[in-house]
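Structure first, then comments.
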Amino acid sequence: MLLRNGEVSAPKALTSSCNLVLISRPSVNTADDFAELARFIRQADARVHPIVLDDREHKVRRQFLRLRRTMLFSPAQVANFRLRRGIAWQGNPMSKSEEMERLVAAGISIPPYELLTESEQTKDLSHLGEYVVTKPARGGRGANVLLQRASKVKWAPQETRIAGKSRILVAQKFIWTGPFATSYRVTSLFGECLWSEQVQAGPNRTPQIDKGKGVSGTIVSSSKDCVYKLNYDEEIIQFGLAAHRAFPKIPLLGVDVIRDANTGKLYVTEVNASGYVWHFTSPKGLQTQEQFGYRLESQFDGRRKAAQILARKAMEWAK
């Protein structure tokens, strides 16, 4: 139930059994991953009956689904399968400008920004500082994210492989995170942390000089030659979880956080509401974990934790 203030109010918890449909997709995770997640869910609460389906499937056990109240969980937006009964929690692609509006409304600190469009191709950006970060309003994986002099920024149509065309260019105040660009990811499920990572530009990257007086170019910490490791900074984790509360209808978020190296202040740069952040077994997640020698689920026993969260939410929300 959606309240007037935009928050979601859960109904009374069920006492009878319910279904929990888990939608798997090769670009998001492996089917084996969700099969194990289903096993953990059954261990967490025997009243919850998990059903793992591939999003490419069109025919499912409809009769079985109708026997019990049902909740669906999909990290990303469901493409094919549709529930005949129940509530669906899934990712929802949002533009960076939409994400920023929600974060500002919720009182979450983000770098100050301006939007440039075809009808307003240039703006006075001097209030954002000498250097700004520009990026398409719809993008992904750091594509077309650049550090530029504010006086040189001009709108141009943007297109990325992940998100396609974008008609809005975001210009954001440059926050210096240290000589080598550093960011943090807080991945949360229904507002609870599954894992957190630090990503830092590799030592072969040209250092960014203090206060943004360095050369222009990419400042994406997760681009080529970057270094990943688990992050245990509790202040960063709690800040990321606070940002999730601004998106009560999105179950899974990957909140990107940066820290100003001069002041220590934290900022959210984006939340990745599309849901392509289930990196326990995503192609990108598996590659990163193998390359840097750690397991995401080792930090907070993440998949068991996810199972407990999903079992609890299913009993609250299934209809």
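All values derive from a computational prediction rather than experimental measurement.
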Using only atom types and a distance under 3.5 Å, with no angle test, would you say the side chain of Gln90 pairs donor to acceptor with the backbone of Val78? yes
Would you check if Glu235 and Leu266 make a side-chain contact, meaning some heavy-atom pair closer than 4.5 Å? yes
With a 4.5 Å limit on heavy-atom distance, are the side chains of Thr70 and Ile51 in contact? no
Find out whether Tyr276 and Ser27 are in side-chain contact, i.e. whether some heavy atom of one side chain is under 4.5 Å from a heavy atom of the other. yes
Could you tell me which non-hydrogen atom of Gly254 sits nearest to which non-hydrogen atom of Asn272, and how far apart they are? O-ND2, 2.6 Å
Could you check whether any side-chain heavy atom of Trp278 comes within less than 4.5 Å of a side-chain heavy atom of Phe34, counting everything from C-beta outward? yes
Under a 3.5 Å distance rule, please check whether Ser196 uses its side chain to pair with a backbone N or O of Arg185 as donor and acceptor. yes
Is the backbone N or O of Phe280 less than 3.5 Å from a side-chain atom of Gln289, with the two atoms forming a donor-acceptor pair by type? yes
Residues in salt bridge (charged side-chain N to carboxylate O under 4.0 Å, His left out) contact with Lys313, at least two apart in sequence or another chain: Glu316
Verify the cluster assignment for Ile168 and Leu103: are they in a single hydrophobic cluster under the rule of side-chain heavy atoms below 4.5 Å apart? yes
Rounding to 0.5 Å, atoms CG (Asp33) and CD (Glu297) come to a distance of 8.0 Å
Side-chain contact, heavy-atom cut-off 4.5 Å: Glu99 with Ile110? no
I want to check something: taking the side chain as every heavy atom from C-beta on, are Ile236 and Val186 in contact at a cut-off of under 4.5 Å? yes
Asn29 side chain vs Arg25 backbone, donor-acceptor pair below 3.5 Å: yes
Please work out which of the three classes, parallel, tilted or perpendicular, describes the rings of Trp89 and Phe190, given edges at 30° and 60°. perpendicular
Correct closest heavy-atom pair for Ala311 and Ile41 would be CB-CG2, 4.2 Å
Using side-chain heavy atoms (C-beta onward) and a distance below 4.5 Å, is Leu128 in contact with Gln172? no
Taking atom types as modelled, find out whether Asp124 and Ser126 have a side-chain donor-acceptor pair closer than 3.5 angstrom. yes
Does any non-hydrogen side-chain atom of Phe247 lie less than 4.5 Å from one of Val255? no
Measuring from Leu310:CG to Leu37:CG, what's the distance to the nearest 0.5 Å? 6.0 Å
Val277, Tyr294: one ILVMFWY side-chain cluster at the under-4.5 Å cut-off? yes
Phe73 and Leu189: side chain to side chain contact (heavy atoms under 4.5 Å, CB included), yes or no, with the steps? CA-CA 11 Å; Phe73 167 69; Leu189 179 63; 3.7 Å; yes
In sequence, state the C-alpha distance, the side-chain angles, and the governing distance for Arg102 and Val271, and then conclude on side chain to side chain contact (heavy atoms under 4.5 Å, CB included). CA-CA 11 Å; Arg102 289 210 189 178; Val271 303; over 6 Å; no
Find out if a path of hydrophobic residues (ILVMFWY) with successive side-chain heavy-atom gaps under 4.5 Å connects Val227 to Leu286. no
Residues two or more places apart in sequence or in another chain: which of them pass salt bridge (charged side-chain N to carboxylate O under 4.0 Å, His left out) with Arg312? Glu192
What distance separates Ser183 OG from Ile258 CD1, expressed to the nearest 0.5 Å? 8.0 Å
Distance (rounded to the nearest 0.5 Å) between Ser24 OG and Asp32 CG: 9.0 Å
Rounded distance (nearest 0.5 Å) linking atom NE2 of His49 with atom CZ of Arg42: 10.0 Å
Is there a side chain to side chain contact (heavy atoms under 4.5 Å, CB included) between Trp317 and Cys18 once you walk through the steps? CA-CA 10 Å; Trp317 280 101; Cys18 68; over 6 Å; no
Can you confirm whether the side chains of His127 and Glu114 place a donor and an acceptor under 3.5 Å from each other? yes
Residues passing the salt bridge (charged side-chain N to carboxylate O under 4.0 Å, His left out) test with Glu36, sequence neighbours excluded, are Arg39, Arg303
Do Phe40 and Trp195 share a hydrophobic cluster, counting only Ile, Leu, Val, Met, Phe, Trp and Tyr and linking them when any side-chain heavy atoms are less than 4.5 Å apart? no
Side-chain donor/acceptor of Gln238 to backbone N/O of Glu234, under 3.5 Å: no
Closest approach of Ser282 to His279 (non-hydrogen atoms, all atoms of both residues): OG-ND1, 2.6 Å
For the CD atom on Gln287, are there more than 12 heavy atoms of other groups (residues, nucleotides or ligands in this structure) within a distance under 6.0 Å? no
Which value, rounded to the nearest 0.5 Å, describes the distance between Glu270 atom CD and Ser97 atom OG? 11.5 Å
Worked check of side chain to side chain contact (heavy atoms under 4.5 Å, CB included) between Leu230 and Leu296: CA-CA 8 Å; Leu230 292 173; Leu296 292 174; 4.1 Å; yes
I'd like to know if the side chain of Thr187 reaches the main chain of Leu194, judged simply by a donor and an acceptor atom lying under 3.5 Å from each other, with no hydrogens or angles considered. no
Nearest atoms (heavy-atom pairs only) where Cys193 meets Leu241: N-CD2, 3.7 Å
Can you check whether Phe180's main-chain N or O pairs, donor with acceptor, with Thr182's side chain at less than 3.5 Å? yes
What pair of heavy atoms forms the shortest contact from Ala44 to Ala307, and how long is it? CB-O, 4.4 Å
Can you tell me how the ring of Phe292 sits relative to the ring of Tyr228, calling it parallel under 30°, perpendicular over 60° and tilted otherwise? tilted
Minimum heavy-atom separation for Gly129 and Ala150, please, with both atom names. O-CB, 3.3 Å
